[in-house]
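Heavy-atom basis, side chains included; hydrogens, waters and symmetry copies ignored.
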Amino acid sequence: MADPTVSILDVGHGNCAILIDDKVVVIDAGPGTTLLDFLENEGIKEVGIVLISHADEDHIKGLVSLLESETVGVQSVRINSDALKGSPTWNDLTYLLDEANRTGKTIFDVGLTTNQTGAFDTAAIKIEILAPSPGLAVKGPGSHDHRGRKLTSNSNSAVIRLLRDGRPLLLLPGDIDETGLENLLENNADISAEIAVFPHHGGGAASSDLTTFAASFCTASKPKKLIFSIGRGKY
């Protein structure tokens, strides 16, 4: 078997990563059709699982295109609920996922938390879900954590780390913000990795103090390389 590969797609303002091993794992789907184009160009006919960090449009829109595709199948999808989201894209996606699940085309489950660490591993890669905890996920965006801090979609963004032979290779933190990062670090989570995708595409998280946030994230993740997924428009 060939060595596993990870591709981080240039989707502009958004996130999308694809792990190819004995099965294909997609982590966030980006906007537009870049994900589908990549899979078709690589000759991939089936995705094993799609993990969505949170319900923002720049992380989910590509999944709509993928589910509507007649060339690439999706076995299963995992995502957390978000009652605050009311975008047309979110409404379309949840409808498509419900229909795909009802017809048996795709297994769709609500719930992507620390309890799922190890559930999506490939032959060579361990997939850790570092956040959110079940306690934060069940509260959901719009509520508050145990210290009274408001939880947003970004606060509850899934944080995913890929390891090989116990070596942390890649950290994919979605759009985690200060509150989410603080919850992670307060629980003494190890988020170190050789490569990290910077949260929130390199832009501001929940406050204007991006310097402190960036320092905290980089100190904790200790990456040798940082990747920024940045749009070419107003950002």
Do Ser192 and Asp190 have side-chain atoms, one donor and one acceptor, less than 3.5 Å apart? yes
All heavy atoms of Asp58 vs all of Pro31, minimum pair found to be O-CD, 3.6 Å
Closest approach of Pro4 to Ala124 (non-hydrogen atoms, all atoms of both residues): CG-CB, 3.9 Å
Side chain to side chain, Leu19 and Ile125, heavy atoms closer than 4.5 Å: yes
Going by the rule side chain to side chain donor-acceptor pair (under 3.5 Å), which residues pair with Ser229 if we only count those two or more places apart in sequence or in a different chain? none
Determine, stepwise, if the pair Val64 / Leu96 fulfils side chain to side chain contact (heavy atoms under 4.5 Å, CB included). CA-CA 8 Å; Val64 173; Leu96 287 170; 3.7 Å; yes
Ignoring hydrogens and angles, state whether a donor on the side chain of Thr89 or Ser87 is under 3.5 Å from an acceptor on the partner side chain. no
Taking side chain as C-beta onward, heavy atoms only, is Asn15 less than 4.5 Å from Ser53? no
Worked verdict on Asp56 versus Lys85 for salt bridge (charged side-chain N to carboxylate O under 4.0 Å, His left out): CA-CA 8 Å; Asp56 282 357; Lys85 282 288 177 288; 3.1 Å; yes
Does anything in residues 129-145 pair up under side-chain hydrogen bond (donor to acceptor under 3.5 Å, both in side chains), and if so which pairs, sequence neighbours excluded? Asp145-Arg149, Asp145-Asn183
Contact between Phe38 and Val72 at the side-chain level, heavy atoms closer than 4.5 Å - yes or no? no
Minimum side-chain heavy-atom gap Ile127-Gln116 below 4.5 Å: no
Nearest heavy-atom approach of Asp3 to Arg164 is OD1-NH2, 3.5 Å
With a 4.0 Å cut-off on N to O distance, would you call Glu186 and Arg147 a salt bridge? yes
Is there a side chain to side chain contact (heavy atoms under 4.5 Å, CB included) between Leu51 and Val26 once you walk through the steps? CA-CA 6 Å; Leu51 306 177; Val26 172; over 6 Å; no
To the nearest 0.5 Å, tell me how far Leu181 CG sits from Ser221 OG. 8.5 Å
